[in-house]
Each structure stands twice: as C-alpha cells, then as structure tokens.
Amino acid sequence: MLWSGLFRSRMRRSWALRQCISEARFPGKRWLVAGLGNHGMPGTRHSVGMAVLGQIARRLGVAESWARDPRCDADLALAPLGDAQLVLLRPRRLMNVNGRSVAQAAELFGLTAEEIYLVHDELDKPLGKLALKLGGSARGHNGVRSCISCLNSNAMPRLRVGIGRPTNPSMVAAHVLGYFSPEEQELLSPLLDQATDLLLDHIRVRSQEPPSRL
C-alpha cells in the first residue's frame, strides 16, 4: 500500500510537470514571479520571499499545484491572473545561486528580464514595510546579485520585504538565517497579504498595457 501511494504521488507530480510543458506556449501575457531564499530553510527571514510566493499560490488557488521541475531545479506552479498567467517559482538552491534557477526558467518560458519579478528580504526596511523597486543594483543582496549575473540584466522588478537590520553588524548573518520571533510572527501574516496585494495589483496594471513597439 505504501509503494502504491508513493507511485500515485509521483504520477501526480509528473502530470503537473507535463502541464507546465504543455502550456509553454500560453497565448496571453506571462510573468515569472520568483521567491528568493534558501531551499530547505523555510520560515527564516532570508526565505521570506518564498513565504510570499506561498501566499500568492494560496490566493490564486494553486497551493496544491507545486511541482518540481528538474530543468530549472525549482518548484513551479502556474496560476491564472485575469487574461495573464503567472509562473510561480521557488528555487531549490541556496540563495547565492538562486539566479541559475530563475535564468533557466526564463529561458524555458521565453521571458525577458522585464517580465520577471523577484521577491526577497530587505535588511534596510523594518518588518512590516514593503517596497516595489523597478530594476537597478542588487544593493548588497546576494540572491538578487545572482539573478542579475545569470540573466545579464538588472531590469527585473523587485518586491522588497522588510526584515529589519540588527544594531550589531556582526549579527547580520545570524539575523537573516534566523527564524521570526513570536512578536514578528504576528506582523508576518498581514505582511504576506499586503505583499500579495501589492504585487498582483502591479502585475494586473502592467498586463493591461499595450505591447511596446520597437
């Protein structure tokens, strides 16, 4: 019975991957949304971008649709957003090399840097604060730096999710790799909702814009 259950689970994941492949020629507007973080370390401040992706997936009704795609070493879920489609991506790599997964997925789905949203933690904003940045430098964030390097572009819009900076500079590494405190957890749930609203509203507006002419 155990082997049968594992087989059915693998078949469902295989079917989900085939769906990703079969919809690679989606006729409408498509956006890639990547939640940056450390694979295997959910719940840490550095992986808050992945937590936002989980909330987006729940909001769009695809929380049970995540499937591992070995072609980009990431978990993917496809979600409708009006006439557009979102490719939700959670890299199965460490933060410093997240860009490999993002670039491979961009190539797989034929997307440009401007069509890729990066969601990541931001030390220079307190927990509870959000900002949408339209391209630019990595500002010291290694995951963003990896994406810029692998995509050979800094044009990706980024949703920056504040996690606060410790007063002692020597505590930064422990801070970003640590888990949210009970007090921070109370702020986290509404923050994930606000981040989802901000990102989806921005994508909806851009999806209605006419295609640019060369």
Side-chain angles (χ1 to χ4, degrees), residues 7-40 42 47-93 95 97-120 132 143-144 146-147 150-151 153 155-159 161 192-209 211:
F7 177 77
R8 287 197 297 270
S9 177
R10 288 170 182 167
M11 286 298 292
R12 285 194 295 269
R13 288 196 295 268
S14 176
W15 179 85
L17 284 178
R18 289 198 300 273
Q19 285 296 102
C20 287
I21 296 171
S22 68
E23 295 189 24
R25 296 179 180 176
F26 180 74
K29 191 64 179 173
R30 174 180 271 160
W31 309 92
L32 173 64
V33 183
L36 305 187
N38 284 311
H39 176 64
S47 294
V48 72
M50 291 185 170
V52 174
L53 264 284
Q55 182 63 19
I56 293 173
R58 288 187 289 273
R59 177 80 63 84
L60 299 181
V62 296
E64 304 301 321
S65 299
W66 291 103
R68 183 175 183 176
D69 193 324
R71 296 168 297 177
C72 52
D73 199 9
D75 294 325
L76 296 179
L78 300 180
L81 186 67
D83 294 331
Q85 183 185 65
L86 304 188
V87 179
L88 306 180
L89 180 143
R90 298 185 304 201
R92 297 179 67 87
R93 292 181 162 114
M95 176 69 89
V97 290
N98 271 193
R100 298 178 189 174
S101 293
V102 175
Q104 287 163 345
E107 182 177 4
L108 177 64
F109 289 96
L111 298 173
T112 66
E114 292 83 356
E115 296 167 325
I116 299 170
Y117 283 79
L118 306 180
V119 186
H120 62 88
L132 197 58
V144 176
S146 173
C147 292
C150 292
L151 291 164
S153 174
M156 300 78 70
R158 303 103 194 244
L159 178 58
V161 183
L192 296 181
D193 274 328
Q194 293 166 17
T196 297
D197 290 338
L198 179 59
L199 186 66
L200 294 184
D201 286 346
H202 195 266
I203 293 176
R204 286 189 185 99
V205 170
R206 290 188 68 197
S207 295
Q208 299 304 313
E209 294 175 354

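Atom set for the values below is all heavy atoms of this structure, side chains included, hydrogens, waters and symmetry mates excluded.
In this structure, L88 and L78 have side chains that are not in contact, with every pair of non-hydrogen atoms separated by 4.5 Å or more. Residues S65 and L76 have side chains not in contact (no heavy-atom distance under 4.5 Å, counting atoms from C-beta outward). Using a 4.5 Å heavy-atom cutoff, the side chains of R204 and L200 are in contact. V33 places none of its side-chain heavy atoms less than 4.5 Å from the side chain of L89. Residues E115 and R206 fail the side-chain proximity criterion, which asks for heavy atoms closer than 4.5 Å.
Within a 6.0 Å radius of CZ in R100, other residues, nucleotides and ligands contribute 12 heavy atoms or fewer.
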Which is it for C150 and N98 under the side chain to side chain contact (heavy atoms under 4.5 Å, CB included) test, yes or no, and what are the steps along the way?
CA-CA 9 Å; C150 292; N98 271 193; over 6 Å; no
Going through the distances and angles, do Q194 and Q55 end up as a side chain to side chain contact (heavy atoms under 4.5 Å, CB included)?
CA-CA 10 Å; Q194 293 166 17; Q55 182 63 19; over 6 Å; no
Test L53 against W66 for side chain to side chain contact (heavy atoms under 4.5 Å, CB included), laying out the working first.
CA-CA 11 Å; L53 264 284; W66 291 103; 4.2 Å; yes
D69/D75 under side chain to side chain contact (heavy atoms under 4.5 Å, CB included): CA gap, chis, key distance, verdict:
CA-CA 6 Å; D69 193 324; D75 294 325; over 6 Å; no
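Contacts of A51 classified as side chain to side chain contact (heavy atoms under 4.5 Å, CB included), with partners at least two apart in sequence or in another chain: L192. For the side chain to side chain contact (heavy atoms under 4.5 Å, CB included) test, no residue two or more places apart in sequence or in another chain qualifies with Q208. Looking at residues two or more places apart in sequence or on another chain, you find a side chain to side chain contact (heavy atoms under 4.5 Å, CB included) between D73 and R68, R92, R93, S101.
Checked by atom type and distance alone, the side chain of D83 never pairs as donor or acceptor with a backbone atom of K29 at under 3.5 Å. In terms of modelled atom types and a separation under 3.5 Å, the side chain of R158 and the main chain of M156 share a donor-acceptor contact.
Between A106 and L32, the shortest heavy-atom distance links the atoms N-CD2, 4.2 Å. Here the closest heavy-atom approach between residue T196 and residue V52 is recorded as OG1-O, 4.2 Å.
One distance of note links CG of L159 with CG of L132; it measures 6.0 Å at 0.5 Å rounding. The OH atom of Y117 sits 6.5 Å away from the CG atom of L199 when rounded to the nearest 0.5 Å. The line from CH2 of W31 to CD1 of I203 is 7.5 Å long, rounded to the nearest 0.5 Å. In this structure, NE2 on H39 lies 13.5 Å from CE on M95, to the nearest 0.5 angstrom. Remark: S146 OG to L151 CG distance equals 8.5 Å, nearest 0.5 Å. In this structure, the separation between OG on S207 and CD on Q85 is 11.0 Å, given to the nearest 0.5 Å.
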